[in-house]
2 protein chains.
Amino acid sequence: MFSIGQLSKQTGVKVPTIRYYEQVGLLVSAGRTEGNQRRYDKEGLERLGFIRHARDLGFSIEAITALIDLQQHPDRSCQEATEIAQHQLTDVREKLLRLKALETELVRIADGCDGEGSSEECYVLASLADHEHCRGEH
Amino acid sequence: MFSIGQLSKQTGVKVPTIRYYEQVGLLVSAGRTEGNQRRYDKEGLERLGFIRHARDLGFSIEAITALIDLQQHPDRSCQEATEIAQHQLTDVREKLLRLKALETELVRIADGCDGEGSSEECYVLASLADHEHCRGEH
DNA sequence: TCTTGAAGCTCTAGTGACTAGAGGTTGTAG
DNA sequence: CTACAACCTCTAGTCACTAGAGCTTCAAGA
Ligand SMILES: [Zn+2]
Ligand SMILES: [Zn+2]
Ligand SMILES: [Zn+2]
Ligand SMILES: [Zn+2]
């Protein structure tokens with residue numbers, strides 16, 4: 001049995017975050033001591049590892065809840081799991097596209113001024129004031 | 001003079017968002033009617049355009065506040081403006097790197113299962129359970 | 001057995017940048 | 001003059017935590 005602190009150390013998830021996961025129904029402790037402290041077993045440790053890894057990959061709490069739910073029913077089809085993963089991939093790709101567009105514009109904007117003039121004639125400020133300066137959409 | 005709704009239409013910023021910008025000190029109306037409704041002048045319209053564009057480029061409210069502050073003092077050096085832009089660019093690039101790593105792993109994960117098996121033997125779930133499956137860091 | 005202090009507990013509130021809704025008031029076109 | 005769209009303020013909700021107050025428990029050393 002592990003205390004919440006030991007769980008935290010082993011997974012790299014902060015203690016208040018673990019309590020938060022319990023609050024939203026993602027991870028319940030195996031039980032409590034007489035003094036009301038949480039105790040976890042190996043299963044809890046593994047589940048927190050799963051949560052941690054999925055969060056690191058950007059999955060939402062809601063998605064992770066669904067995935068764990070699926071994991072608890074080994075005989076169910078995993079179709080939903082692939083759908084969730086596909087959705088997450090789509091999401092990441094959309095963000096990538098957006099950020100690439102931003103990067104292009106920001107390079108132009110940031111490199112357009114050496115910061116040695118007055119703010120009146122600053123290319124950074126002028127670029128922000130008018131999207132017409134931009135090369136593309138974003 | 002424009003009403004808040006007209007300002008909203010011209011800039012594409014929603015009415016409650018404009019009120020929110022006022023609340024955080026970004027955009028104050030030129031005045032109020034007898035009946036307490038906001039009225040904006042051309043300057044307000046331009047400033048909201050600036051805010052909108054900067055937000056679209058991912059700048060934080062705090063950064064935009066500093067940029068507008070600078071804009072109000074045409075004789076000041078624009079060094080801070082370039083610093084803010086550079087910082088934003090760095091930020092975007094960090095996010096890009098992270099998302100690219102995520103994309104790589106998610107492609108592998110999502111393509112690793114056709115969703116037709118049982119959740120027990122699902123590659124998606126197995127990959128989430130163990131970072132060892134991952135090709136790189138993320 | 002006692003003491004001490006790290007670690008645990010609950011509860012509330014704050015973060016960023018909005019968004020939604022309730023419940024009431026004003027502006028304006030017909 | 002009457003409708004009603006648009007406006008007003010205020011509170012609360014979103015997401016995934018994070019911080020802090022004020023208290024209790026656990027475990028190791030004396
Ligand atoms: Zn400049
Ligand atoms: Zn632009
Ligand atoms: Zn599968
Ligand atoms: Zn991984």
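These figures come from a predicted structure and were not determined experimentally. So you know, we letter chains A, B, ... as the sequences are listed, proteins then strands, and number each from 1. Below, all heavy atoms of this structure are taken into account, side chains as well, without hydrogens, waters or symmetry copies.
With rounding to whole Å, A/I4 atom CD1 is found 17 Å from D/dT25 atom P. Between the NZ atom of B/K95 and the P atom of C/dG16 there is a distance of 13 Å, rounded to whole Å. Atom P of nucleotide C/dA6 and atom CD of A/Q6 are separated by 17 Å, given to the nearest angstrom. The nearest whole Å value for the distance from the CD1 atom in A/I18 to the C1' atom in D/dT18 is 14 Å. Between the CD1 atom of A/I64 and the P atom of D/dC15 there is a distance of 13 Å, given to the nearest Å. If you take CZ of B/R19 and C1' of D/dT9, they are 9 Å apart, rounded to a whole angstrom. Summarising the geometry, the separation between CG on B/L7 and P on D/dA6 is reported as 15 Å, rounded to the nearest angstrom. Between the P atom of C/dA7 and the CZ atom of A/R39 lies a distance of 13 Å, rounded to the nearest Å.
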| Can you give one letter per nucleotide of nucleotides 17-26 of chain C, going 5' to 3': B for a protein heavy atom under 4.0 Å from the base, S for sugar-phosphate only, - for none? | BBS------S
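The two residues B/D114 and A/T82 have their closest heavy-atom pair at C-CG2, 4.3 Å. Across B/C78 and A/C113, no two heavy atoms sit closer than the pair SG-SG, 3.4 Å.
Residue A/R38 is in sugar-phosphate contact alone, with no base atom involved, counting any heavy-atom pair closer than 4.0 Å across all strands shown.
For the OP1/OP2 pair of C/dG8 and a distance below 4.0 Å, the side-chain nitrogens and oxygens of A/S3 include at least one atom meeting the criterion.
Aromatic ring centroids of B/H53 and A/H133 lie 6.0 Å or more apart.
One hydrophobic cluster holds both B/L67 and B/V13 under the rule that ILVMFWY side chains link at heavy-atom gaps under 4.5 Å. A continuous path of Ile, Leu, Val, Met, Phe, Trp and Tyr side chains, each step under 4.5 Å between heavy atoms, connects A/L89 with B/I109, placing both in one hydrophobic cluster.
Residue B/E120 qualifies as open at atom CD: its count of foreign heavy atoms under 6.0 Å is 12 or below.
Using modelled atom types, one finds a donor on one side chain and an acceptor on the other under 3.5 Å when comparing A/E83 with A/Q79.
Among the nucleotides C/dT10, D/dC7, C/dG8, the one closest to any side-chain atom of A/R32 is C/dT10.
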